[in-house]
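Side chains are part of it too, since the values below use all heavy atoms of this structure and drop only hydrogens, waters and symmetry mates.
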Amino acid sequence: MAAYGYTPRHIKACLSGELTYPDAERVNNAFDAITKPGSNLILVGPRGTGKTQIATEFGLRMSRGPLLGKMGQRYTTLSGLLQEEKDSWNRPPELDALNRPTSPLKKAKDVWLLVLDEIQEVAGTEWEMSQFVRLFDERYGSMKSTILISNLMPDAMQKFVGPSIWSRITETGMLLSCDWTSFR
């Protein structure tokens, strides 16, 4: 799991078998939703309510499935992914199996499950937002699953992601509001 980018802290909590969520039914419904090919999930709520932990648990559960074993998954922050892309411009390109140059954004587009955490932490520049929308739209078109995580509340999240992404999520997924008390 660490190879997918999930943090050791969250992996350890998943493997301990002691996780409980205040609204287990909503969390289980979200898991059922994200396991459908091409589905999308937004996890929103205040800091400390277990959003990243839920996404890690979902990734761990899904890694046992037949598709993810072949097509992979990735956990990262949106700002981290965009910075990796920018950093790749100043070094020799990585090559894929066919010896073609590839980029961090292309790799993120290709995995079966992409988890983007802290999406509200980008500067919101035109380039960042256009890359985010492009990545999400390409994944939507390829029927690949995406989980977006944010500390924004639902109305602010809808405004942040914009009408294109919000429409696609409404069509192919769900929003899980982690509105319970912080675990911290």
Side-chain angles (χ1 to χ4, degrees), residues 4-7 10 26-27 29-45 51-59 61-63 65 67-68 70-89 94 96 100-178:
Y4 297 133
Y6 296 102
T7 66
H10 291 103
R26 279 196 294 164
V27 172
N29 289 341
F31 179 72
D32 291 343
I34 197 63
T35 58
K36 295 178 178 82
S39 59
N40 298 288
L41 175 64
I42 295 180
L43 299 170
V44 296
K51 299 176 301 293
T52 302
Q53 188 63 59
I54 289 169
T56 302
E57 183 178 349
F58 288 2
R61 284 193 214 170
M62 293 172 73
S63 69
L67 288 176
L68 284 175
K70 296 177 184 172
M71 302 191 68
Q73 58 179 292
R74 169 115 196 258
Y75 166 89
T76 186
T77 61
L78 177 58
S79 62
L81 177 62
L82 296 173
Q83 188 60 53
E84 282 180 50
E85 181 67 21
K86 288 178 185 178
D87 292 347
S88 75
W89 301 342
E94 293 183 36
D96 68 10
R100 298 176 301 201
T102 190
S103 75
L105 282 171
K106 167 132 178 34
K107 289 179 193 176
K109 183 186 83 167
D110 290 342
V111 295
W112 186 253
L113 174 65
L114 178 63
V115 179
L116 294 174
D117 202 349
E118 300 287 353
I119 69 164
Q120 79 284 348
E121 296 298 328
V122 295
T125 66
E126 188 174 316
W127 179 83
E128 288 175 333
M129 296 312 289
S130 69
Q131 294 305 309
F132 174 50
V133 171
R134 188 176 127 240
L135 173 63
F136 193 90
D137 283 348
E138 288 180 12
R139 293 183 56 75
Y140 166 85
S142 299
M143 294 189 65
K144 295 184 177 155
S145 298
T146 306
I147 299 175
L148 304 178
I149 306 171
S150 176
N151 295 322
L152 299 173
M153 293 294 100
D155 289 345
M157 182 65 165
Q158 182 177 0
K159 183 177 179 184
F160 180 82
V161 300
S164 175
I165 291 176
W166 192 259
S167 173
R168 282 159 172 65
I169 288 171
T170 302
E171 174 194 348
T172 63
M174 68 179 287
L175 179 137
L176 175 60
S177 183
C178 301

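- The two atoms that bring L176 and A30 nearest to each other are CD2-CB, 4.0 Å, heavy atoms only.
- E57 is not listed as a side-chain neighbour of F31, based on a closest heavy-atom distance of 4.5 Å or more.
- Taking T172 as the reference, N40 meet the side-chain hydrogen bond (donor to acceptor under 3.5 Å, both in side chains) condition, with sequence neighbours excluded.
- By the 4.5 Å heavy-atom criterion applied to side chains, R139 and L114 are counted as neighbours.
- The CE atom of M153 lies 9.5 Å from the CG atom of L175; values are rounded to the nearest 0.5 Å.
- Atom SG of residue C178 and atom CG of residue N151 lie 10.0 Å apart, to the nearest 0.5 angstrom.
- Taking each heavy atom of K109 and K144 in turn, the nearest pair found is O-CD, 3.5 Å.
- Contacts classified as ring-ring contact (aromatic ring centres under 6.0 Å, His included) and involving residues 117-147 (residues at least two apart or in different chains) are given here: W89-W127.
- When all heavy atoms are compared, the tightest approach of A108 to L81 is CB-CD2, 3.9 Å.
- For the salt bridge (charged side-chain N to carboxylate O under 4.0 Å, His left out) condition, the pairs that include at least one residue of residues 162-172, sequence neighbours left out, are D137-R168.
- With contacts defined as side-chain heavy-atom distances shorter than 4.5 Å, the pair Y4/R74 does not qualify.
- Ionic pairing of R134 and E85 is not present here: no N-O contact between side-chain nitrogen and carboxylate oxygen is shorter than 4.0 angstrom.
- In this view, D117 and T52, Y75 satisfy the side-chain hydrogen bond (donor to acceptor under 3.5 Å, both in side chains) rule, not counting sequence neighbours.
- Distance CD1/I147 to CD1/I34: 4.5 Å, rounded to 0.5 Å.
- Remark: of the listed residues T77, L82, T76, T77 is the sole one forming a side chain to side chain contact (heavy atoms under 4.5 Å, CB included) with S79.
- Residues F58 and L41 approach most closely at CE2-CD2, 3.7 Å, considering heavy atoms.
- Annotation for V44 and K51: closest pair C-CD, 3.4 Å, computed over non-hydrogen atoms.
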Only pairs under 3.5 Å count here: list side-chain donor-acceptor contacts from residues 154-166, not counting sequence neighbours, and write none if there are none.
none

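- Considering CE of M143 and NZ of K36, their distance stands at 12.0 Å, rounded to 0.5 Å.
- We find the NZ-OG distance between K107 and S88 to be 9.0 Å, quoted to the nearest 0.5 Å.
- The closest side-chain heavy-atom distance from T35 to M62 is below 4.5 Å.
- By the side-chain hydrogen bond (donor to acceptor under 3.5 Å, both in side chains) test, S150 is found to be paired with Q120, residues two or more places apart in sequence or in another chain being considered.
- Atoms CD and CD1, on Q53 and I149 in that order, are 10.5 Å from each other to the nearest 0.5 Å.
- R26 is listed as a side-chain neighbour of S177, based on a closest heavy-atom distance under 4.5 Å.
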(request) Please lay out, stage by stage, how E84 and L105 fare under the test side chain to side chain contact (heavy atoms under 4.5 Å, CB included). (result) CA-CA 8 Å; E84 282 180 50; L105 282 171; over 6 Å; no
